[in-house]
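For ligands, and for the atoms within them, numbers begin at 1 and follow the listed sequence. If you read the sequence from its start, that first residue is 1, and numbering goes on from there.
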Amino acid sequence: MGRSRHVGWVAAGLVLGAGACYCIYKLTRGQRQGDRGLRLRPSRSAEDLTDGSYDDILNVDQLQKLLYLLESTDDPIIIERALVTLGNNAAFSANQVIIRELGGIPIIGSKINNPNHSIKEKALNALNNLSVNVENQVKIKVYINQVCKDVLSGPLDSAVQLAGLRLLTNMTVTNDHQHMLHNYITDLFHVLLTGNGSTKVQVLKLLVNLSENPAMAEGLLGAQVDSSFLSLYDGHVAKEILLRVLTLFQNINNCCKKEGCSAMQPTFPKGSLFFLLYGEECAQKMRALVDHHDADVKEKVTVLPKF
Ligand SMILES: *[C@@H]1O[C@H](CO)[C@@H](O)[C@H](O)[C@H]1NC(C)=O
Ligand SMILES: *[C@@H]1O[C@H](CO)[C@@H](O)[C@H](O)[C@H]1NC(C)=O
Ligand SMILES: *[C@@H]1O[C@H](CO)[C@@H](O)[C@H](O)[C@H]1NC(C)=O
Ligand SMILES: *[C@@H]1O[C@H](CO)[C@@H](O)[C@H](O)[C@H]1NC(C)=O
Ligand SMILES: *[C@@H]1O[C@H](CO)[C@@H](O)[C@H](O)[C@H]1NC(C)=O
């Protein structure tokens with residue numbers, strides 16, 4: 001990718017005119033004599049710069065120029081490359097802070113509205129890397145509604161949908177912003193049931209995160225969920241899915257014990273997750289799983305309520 005990236009930066013220079021060329025020159029060449037204080041990797045050889053095996057670590061000045069470039073260009077190829085480079089740089093905790101302090105989060109965030117799905121996806125990936133920082137999450141949370149809508153409107157199993165789900169998952173590693181997903185739970189279950197294996201796993205990571213929070217239990221149990229959900233508890237279901245749906249049940253059940261869900265039962269509507277999880281069909285599935293060939297699955301089932 002090194003060579004094509006270089007072509008991209010050169011193109012960026014052409015777009016922005018001669019003044020920007022120096023910036024582009026710095027972006028592609030400047031690391032060698034660049035800011036030593038921020039250098040996060042050892043110096044590299046000429047081959048490193050072109051073999052594309054890793055991305056350059058930029059200093060504050062370079063990050064600022066890159067953000068300016070991202071803000072000012074309309075060229076989709078430049079936008080995409082700038083987002084990828086920012087995303088890669090955001091893998092480092094020092095850069096997560098710098099990008100926020102440079103006002104980079106709204107610049108990157110605005111690209112999730114780009115109609116080009118490839119650009120949308122790269123913006124979501126960059127936000128995802130930035131979201132590892134708790135203070136960044138406070139700035140990123142303003143995009144949660146938009147990301148939820150995008151994830152739910154598909155296209156199903158697309159790269160952009162997965163990127164959105166990953167961002168939502170990482171925005172819910174703490175309980176702080178989980179309530180913002182409350183209105184989307186029923187639709188997330190729909191994506192869970194219709195998506196393929198990769199999508200299912202990613203939706204389940206998100207739902208499992210929500211299920212650890214007692215404040216979300218009522219929203220989860222009250223969600224309208226198609227009865228085909230129970231087929232995820234069949235013995236032949238892939239282990240990475242089966243273990244997660246069992247964890248989901250276990251977490252919800254633990255919250256229920258604390259919150260006294262049986263007292264809330266009348267408030268759950270017909271067709272809700274509550275009636276699926278605590279119904280006879282689910283109980284049968286659990287009894288069958290007690291004899292599952294996989295030890296991890298068996299162990300999960302035994303900590304669930306006795307059926
Ligand atoms: C989306 O952006 C990519 C590159 O960034 C470009 O190759 C592609 O042509 C764009 N698609 C549309 C529909 O503009
Ligand atoms: C995000 O960070 C990971 C490492 O945590 C890195 O592998 C990935 O390339 C980074 N970039 C993007 C755009 O996601
Ligand atoms: C998302 O969160 C998971 C779990 O906390 C973490 O391992 C992963 O690195 C995060 N992903 C990114 C792209 O930061
Ligand atoms: C899900 O669909 C996407 C897009 O078609 C594909 O790239 C991915 O490999 C699929 N995953 C599984 C597990 O089938
Ligand atoms: C959320 O999910 C991630 C990845 O699956 C996990 O590492 C993290 O511990 C979870 N956090 C909570 C609060 O459940």
Side-chain angles (χ1 to χ4, degrees), residues 1-2 4-12 14-15 40-41 51-58 63 66-67 69-70 72-100 104-105 107-134 136-137 140 143 147 150-151 153-171 173 191-205 232 236-245:
M1 172 185 158
S4 62
R5 185 178 62 218
H6 188 74
V7 171
W9 294 128
V10 172
L14 295 176
V15 169
L40 295 169
R41 297 199 200 225
D51 73 3
S53 58
Y54 67 86
D55 252 273
D56 303 327
I57 309 306
L58 308 181
L63 285 170
L66 189 52
L67 286 167
L69 181 64
L70 180 59
S72 49
T73 182
D74 288 326
D75 182 328
I77 292 171
I78 306 298
I79 295 176
E80 186 171 11
R81 285 192 193 292
L83 286 169
V84 169
T85 304
L86 284 164
N88 288 338
N89 273 271
F92 299 91
S93 50
N95 285 338
Q96 288 157 11
V97 176
I98 293 169
I99 293 173
R100 179 185 69 243
I105 291 175
I107 298 175
I108 296 169
S110 69
K111 302 299 173 201
I112 68 170
N113 290 320
N114 197 293
N116 185 321
H117 276 210
S118 181
I119 289 174
K120 219 179 176 63
E121 179 207 342
K122 303 304 185 298
L124 291 165
N125 287 341
L127 288 180
N128 192 18
N129 277 7
L130 287 165
S131 75
V132 175
N133 177 299
V134 177
N136 286 1
Q137 288 209 348
I140 294 172
Y143 303 108
V147 175
D150 285 347
V151 159
S153 61
L156 193 61
D157 301 329
S158 60
V160 69
Q161 187 180 51
L162 269 189
L165 285 167
R166 279 196 301 266
L167 175 58
L168 293 175
T169 305
N170 281 32
M171 288 296 288
V173 291
V191 176
L192 169 67
L193 298 183
T194 50
N196 72 11
S198 324
T199 306
K200 279 185 165 57
V201 168
Q202 199 58 48
V203 177
L204 282 169
K205 284 185 183 176
L232 295 178
H236 61 77
V237 166
K239 185 177 169 182
E240 55 177 358
I241 293 173
L242 187 49
L243 280 178
R244 287 191 169 91
V245 286

Closest approach of Gly195 to Leu156 (non-hydrogen atoms, all atoms of both residues):
CA-CD1, 3.9 Å
Side chain, backbone, both or neither: which applies to Asp157 and ligand 4 if a contact is any heavy-atom pair less than 4.0 Å apart?
both
Just which atoms of ligand 2 are under 4.0 Å from any heavy atom in Asn125?
13 (C), 14 (O)
Rounded distance [0.5 Å steps], CG in Leu83 versus CG in Leu70:
5.0 Å
Would a search of protein heavy atoms around atom 7 (O) of ligand 4 find one under 4.0 Å away?
no
among protein heavy atoms, the one nearest atom 4 (C) of ligand 1 is Glu80 OE1, 2.7 Å
Rounded to the nearest 0.5 angstrom, the OG1-CG distance for Thr169 and Leu162 is 9.5 Å
Which of the numbered atoms in ligand 1 are under 4.0 angstrom from any heavy atom belonging to Ile77?
4 (C), 5 (O)
Going by heavy atoms in the side chains, are Leu232 and Ile241 under 4.5 Å from each other?
yes
Within the structure, does at least one protein heavy atom fall under 4.0 Å of atom 14 (O) of ligand 1?
yes
Could you check whether any side-chain heavy atom of Asn89 comes within less than 4.5 Å of a side-chain heavy atom of Leu66, counting everything from C-beta outward?
no
For atom 1 (C) of ligand 4, find the nearest protein heavy atom and state the residue, atom name and distance (0.1 Å precision).
Asn196 ND2, 1.4 Å
What is the distance from atom CG of Asn125 to atom CG of Leu86, rounded to the nearest 0.5 Å?
12.5 Å
Closest non-hydrogen atom pair between Asn133 and Arg100, with its separation
OD1-NH1, 3.2 Å
Lys120 side chain vs Ile112 backbone, donor-acceptor pair below 3.5 Å
yes
Classify the contact between Asn88 and ligand 2 as side chain, backbone, both or neither, using a heavy-atom distance cut-off of under 4.0 Å.
both
Do Ile119 and ligand 1 have an N or O pair less than 3.5 Å apart?
no
Any Val147 side-chain heavy atom under 4.5 Å of Met171 side chain
no
Do Ser118 and ligand 1 have an N or O pair less than 3.5 Å apart?
no
Contacting atoms of ligand 2, where contact means under 4.0 angstrom from a heavy atom of Ala91:
2 (O), 4 (C)
When distances are taken from atom 12 (C) of ligand 1, the protein heavy atom at minimum range is Asn116 ND2, 3.3 Å
Within a distance under 4.0 Å of any heavy atom of Pro76, pick out the atoms of ligand 1 and give their elements.
2 (O), 5 (O)
Where is the nearest protein heavy atom to atom 11 (N) of ligand 4: which residue, which atom, and how far?
Ser198 OG, 2.7 Å
